[in-house]
Amino acid sequence: MSPSDDSDPLRRRLLELKKTHPLPPELAGPVPRKDVWGETGYLNQPRYHSVIKPMLLRGHATVGIVYNHHVSRDGVDQSVTAEYAWLDERGNLRTDVIHEEFDALHAALASGRGDIVFSIDAELGPGKVITLLFHPDTEMHMIYEAVRADPEWERKRDRSYRVFHLRWESSTEDPRALGSREPEDPPLFTLEKRQVPGEGWWLLHGEEVILRTVRERPLAEGGLLRLLDARGEEVGRVEVEGTRLRVSLRSEEAPFFITEESGNMWMLRDSQHHMRVMTLLPDTPGPHLWQCVPRDPMERSRAELFTLAFVAAHDGPAPFPFARGPRLG
């Protein structure tokens, strides 16, 4: 079909979409584009990075559409066929088809990691408008939404954690830990035990108190640990439920649970979806260094709140080093 032939309904639809669906700002500029994606999403895997990054930087970007979509289900397993189309840089109509079979539950939980599942990662469906990247030199293309890359990752980085570390200081009389992105980085927050009646743990940014805890009877005796903000207002509470810690936040309807999964590795789980939210575990080179790994980049204030709940519930570095069944304070 020639570029000027507008008789095909699919081609006409794509021409209309080009007018009504502008490209994402990061793809709208001239090539080569500025690299704003870093190694986020599937770009953090070498096998995808080497193929996708050239398309992000130099590929022709255009709007596309899923014009045929069929799903068959067998329990959590799905079989999906999706046909989609776009116009290349010369205006020629291009089409392709994806056929995928996958476990829908696990594919959804693993979105952005492991293998790309286009149906999940790009949320394909009938009539879905998508963005296509097409590299004319390699004749390869990619559905942009499936890359799961974040062009705003640098701006978000200062407000969130991918990984952070707790470094316990042995030189201080009172328990104290420094929180930072890397073990030797300057601390972003400090956890300190206050040896004053009625006071518990404080979380500080520099000299500023951000959060503190108040304990009403030991947790092991059915007590309650209250998490307070700088104004003294309760933002959450911690209680013992069986062999796990129940963390309830004022801003969330469903609670979270902290459990010891294996050895000395601890998991914070979402009680509503039963999925891992954050892992806390010993890091090398020794027991005084701990690593905290959110499942997805987590807002700093939220990650620090969960960390305070974990540390204050055990009343210091009781789980450190490598204690089985640490004492609940």
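For the side-chain hydrogen bond (donor to acceptor under 3.5 Å, both in side chains) test, residues two or more places apart in sequence or in another chain that qualify with Glu252 are Arg302. Listed by chain and number, the residues in a side chain to side chain contact (heavy atoms under 4.5 Å, CB included) with Glu253 amount to none (sequence neighbours excluded). Checked against ring pair (Phe, Tyr, Trp, His ring centres under 6.0 Å), Phe256 has the following partners two or more places apart in sequence or in another chain: Phe306. Qualifying ring pair (Phe, Tyr, Trp, His ring centres under 6.0 Å) partners for Phe118, counting only residues two or more places apart in sequence or in other chains: none. Taking Glu304 as the reference, Arg300 meet the salt bridge (Lys or Arg N to Asp or Glu O under 4.0 Å) condition, with sequence neighbours excluded. Under the salt bridge (Lys or Arg N to Asp or Glu O under 4.0 Å) criterion, Lys53 pairs with Asp35, not counting sequence neighbours. Scored by the side chain to side chain contact (heavy atoms under 4.5 Å, CB included) test, Asp96 finds Tyr84, Trp86, His141 as partners (sequence neighbours excluded). Remark: Tyr67 engages no residue in a ring pair (Phe, Tyr, Trp, His ring centres under 6.0 Å) (not counting sequence neighbours). Scored by the ring pair (Phe, Tyr, Trp, His ring centres under 6.0 Å) test, Phe257 finds no partners at all (sequence neighbours excluded). With sequence neighbours excluded, the residues forming a side chain to side chain contact (heavy atoms under 4.5 Å, CB included) with Arg13 are Glu16, Leu17, Ile65, listed by chain and number.
The salt bridge (charged side-chain N to carboxylate O under 4.0 Å, His left out) pairs that include a residue from residues 221-231 are Glu216-Arg226, Arg226-Glu234, Asp229-Arg231, Arg231-Glu233, where partners are two or more places apart or lie in different chains. Counting only residues at least two apart or on different chains, the side chain to side chain donor-acceptor pair (under 3.5 Å) pairs with a member in residues 123-136 are Thr131-Glu145.
Between Arg155 and Asp150, none of the side-chain N atoms (NZ, or NE/NH1/NH2) sits under 4.0 Å from a carboxylate O, so this pair counts as no salt bridge. In summary, Glu192 and Arg194 engage in a salt bridge, as defined by a charged side-chain N under 4.0 Å from a carboxylate O.
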